Amino acid sequence: MITRMPQKEWTNREVSGLLENLAAALQIKDAAKNKFRIIAYENAAAAVEHSTSELKDIWEEGKLDAVPGIGESMTQHLEELFKTGRSKHFEEILSGIPPATFELIKLPGIGPKTAHKLVTNFKISDTHPLEDVKKLAREGKIKDIEGFGEESQKEILETIEAYKADSQRLLYSYALERASEILNWVKQQKEATRVDTLGSLRRGVSTIGDIDLAVATKSPQVVLDHFVNFPKKTKVIEKGSASASIVIPGGIQVDLMVQDPASYGSLLQHFTGSKHHNIALREYALKKGLSLSEYGIRNLAPGGVKKVGTQKMEKFETEAAFYKYLGLEYIPPELREDAGEIEAAKEGKIPNLIEISDVKGDFQIHSDFDIETSHDLGVSSMEEIILKADSLGYEYLAFTEHNPSKGEHNVNQIIDLLKAKREAVDVLNYSFVKTKCKSVKKVFNSLEIDILPNGELPVPEEGLATLDFALVSVHSSFRQSRVEATKRVLSALAYPKVKIFAHPTARKLLNREGIDLEWEKIFAYCVKNKKFLEINGDPARLDLPDFLVKEAQSRGVQFSLGTDSHYVGGLDNMQFGVLVARRGWVTKDKVLCTQSLDAVEKLLEIR
DNA sequence: GCCGTTTTCGGCCCGACTGTTTTCAGTCG
C-alpha cells in the first residue's frame, strides 16, 4: 500500500521526531538485540532537537557528521532523506509497524511496547487511533490482553481523556506561581527543612510541562503524606517512599521528591537535570570510576566493575560540593543542557552570568501617555512608572509607547504628537525625577516603532529627531519568507536613531511561532553597526529565545532588556528576561541596561 | 550506530514506581 505522505520540510522537529520513531521501531522489533542502536538513535534525535541551526542547513554546508550523535551511517541516510524526501534504510526500520503505534507513544505512560501491543491486538486505525483505543477501554476489552489488567485499562482511558486538554505546556511565570503556592503548603509541615523547585522550572525553561519539587527532611513519609493532602489537588497519581505525584486544577502534574538533608545536594543535582546534562555528566564520571545517582557518588571497584552495594556512597549536602567532587566548577542550573557546560566547568570557564541585581534600567515600557497608537496603550501614568522603577533601584528607564497610527494621522499630526511626548518627558526629567527619586537619574524618550512589511518606518525623520533612540519590532506580515523578512528587518535597523531590535522573533509562547530570519546576517549586522537585540521579559514572549541568545552572544552581539510593561506591575517581569539571558550564557558586560548612565548614553549615541 | 584523558575495538547512565507478576517488564525523569 502506498499512501501519499504530506510534503515534509524536514525541520529539526520533524527530523528528531523521525529519529525517535526509528528508536521506538527498533525497540519493538528486538529491544535486546538493538539495545545500543536504540540509544544511538535517541541520542541523534536529542542532538537534532537541541541544534540551534536547522539540520538541513548544516547538511547543505556539508557538516552533518560534525553534529555530535550523528555519524557516518546516519549522515548517509539523512542525506538521502533531504535529497529525495525519503530514506530506504529508515523505511526498512519502520516497515511492518503501523503509523498508529507512533501516535499512541505520544501518550504519557505508553511506550513503544505497549503501543504496539495495542495496535496489533486490535485493528487500531491510523486515522483516529486515540478514539479507537478509548472505545476499546470503555468496552473493557483491553484488560483481557496478556500484560494488561483492570488497572492499566483504567489508566489508559484516563490518560486519553486528559490528553487533549492537558497537552498544553505552561508559561514559566505561571508554573512558578503554582509551584510557590504548593511549596508554601509543604513548608507548613515542620519536618520539611528545605524546599526547592526542580527540573525545567529550576533551569528557567520558558515553558514548563509539569512541576517538580524537592524537600529535604528526616521524615519522608510525614512530608509525603502532607503533600498529597494539598487542598487543591484533584488526584493523587502515586505515592512511594521517596516521591509522590499529584494533579492540580488544569491537569497540571506536580511531582515531589524527598531526601535526607545529608544527601539533599545529590537529589537537587539529579532531578534538576536536564536529562541530557545528567547523562553526559554520568558518562564523564564513569570514566573516572565514579557512579552517580540521586543518593550520591559511589567509587567503583578498581577496573570499573560495578558491584552495587559493596562500595561506600559519598553523600553531598550541596550541589556545589557534588560538582567539586567530580573536579568540576559549579554549573548554574540554567546552563545544564549538555551544550558545552561540562567542558567549560572542567576548564574552570563557566561564565559569570548576569543577575537581576545587575540591572539598572528597563528599556521597554508603555505608559498611558495617549500617543494615539493603533496598538495597545499602557494603563499606568509616567509618574507611577518612574516611582516603581525607583523602588527597583534603577538609574534610568525608557518610555517606549507604540508609534502613532499611520492610517489615522497625517505626517504633521504624527510630528506634533511626538513633540508633545518629548516635552512631557523633558518636564519629568527637570522636576519630578529630581525631586521624587532616590536612584532614577534619567528618563529616556523612546518609541517602539512598527517595521512595515517593506522595511520602512511609519515615523517621518522629523518625528525620529524628537527621540533619544528608537526600538523597532515586527507586528504584522508574520508569514514572509526568511529572505524577505531579513531584508525587511535590516532596512529598519539601518535608521541611525534605531538602536534596539525588540522581541526579534515576534513569537507568542503557546500561541504563535514567530518569524524566521537569517539570524547569522542579523547578528553580524548588529555587531558591526552597534545595534542591540532585546531580550523581552514578557512571560508570553521571552524573545529573543534562549537558544538564539546563546548563538548571538557567541558571535559578539550585545543585548538590551525590557519588560514590555503595559502597567506598573509589569516591571517586575525583568526576572524572566534575566533568566533567558542566563540560559544564553550572557554576562552582564554584554547587556546595555547593566551599564552606568554615562556608558548607556555613549552606547546609544545620545550625546 | 556512535565514539575516544584507559580504547579505532569494546564499551555505551541510574534508579523509582506501577501493574501484573511470583521475579519482572515497561515507562519515566
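Bear in mind that the values here come from a model prediction, so they are computed numbers and not experimental data. Lettering follows sequence order; numbering is per chain, from 1.
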> Relative to the 5' end of DNA chain B, which residue comes earlier, Val67(A) or Ile39(A), by the nucleotide with the nearest heavy atom?
Replying inline: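 Its nearest nucleotide being more 5', the pick is Val67(A).
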>> Judged by each residue's nearest nucleotide on DNA chain B, which is more toward the 5′ side, Lys287(A) or Asp65(A)?
In response: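 Counting from the 5' end, the first nearest nucleotide belongs to Asp65(A).
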> Can you list every pair that meets salt bridge (charged side-chain N to carboxylate O under 4.0 Å, His left out) and has a residue in residues 242-254 of chain A, with sequence neighbours left out?
Replying inline: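 For residues 242-254 of chain A: none.
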>> Strictly by side chain to side chain donor-acceptor pair (under 3.5 Å), give each pair with a member in residues 240-251 of chain A just once, sequence neighbours left out.
In response: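 For residues 240-251 of chain A: Ser245(A)-Asp255(A).
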>> Test: side chain to side chain donor-acceptor pair (under 3.5 Å). Region: residues 141-152 of chain A. Which pairs qualify, not counting sequence neighbours?
In response: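 Applying side chain to side chain donor-acceptor pair (under 3.5 Å) to every pair that reaches into residues 141-152 of chain A, excluding sequence neighbours, yields Glu139(A)-Lys141(A).
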> Angle class for the Trp59(A)/Phe82(A) ring planes (parallel below 30°, perpendicular above 60°, tilted otherwise)?
Replying inline: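 Taking Phe82(A) first and then Trp59(A), their aromatic rings sit tilted (interplane angle of 30° to 60°).
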> Looking for any heavy atom pair under 4.0 Å, which part of the strands does Leu292(A) touch: base, sugar-phosphate only, or nothing?
Replying inline: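 Sugar-phosphate, no base atom in range.
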> Looking at dG15(B), dG29(B), dG1(B), which one has an atom nearest to any side-chain atom of Arg37(A)?
Replying inline: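 Among dG15(B), dG29(B), dG1(B), the one nearest the side chain of Arg37(A) is dG1(B).
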Using a 3.5 Å cut-off and no angle test, enumerate the donor-acceptor pairs between side-chain atoms of residues 89-100 of chain A and protein atoms at least two apart in sequence or in another chain.
residue, atom, partner, partner atom, Å
Glu91(A), OE1, Arg86(A), NH2, 2.8
Glu91(A), OE2, Arg86(A), NE, 3.1
Ser95(A), OG, Glu92(A), O, 2.7

> Is the phosphate of dA16(B), meaning OP1 or OP2, less than 4.0 Å from a side-chain N or O of Tyr295(A)?
Replying inline: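 It does, given that an N or O in the side chain of Tyr295(A) lies less than 4.0 Å from OP1 or OP2 of dA16(B).
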>> I'd like to compare against my own output: the B/S/- annotation of nucleotides 17-27 of chain B with a strict under-4.0 Å heavy-atom distance to protein.
In response: SSSSS----SS
> By a strict heavy-atom criterion of less than 4.0 Å, which residues belonging to residues 329-346 of chain A are in contact with DNA chain B?
Replying inline: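 Within residues 329-346 of chain A, no residue comes under 4.0 Å of DNA chain B.
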> Whom does dT8(B) pair with, Watson-Crick or G-U wobble, provided both distances fall under 3.5 Å?
Replying inline: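 Its partner is none (no Watson-Crick or G-U wobble pair with both distances under 3.5 Å).
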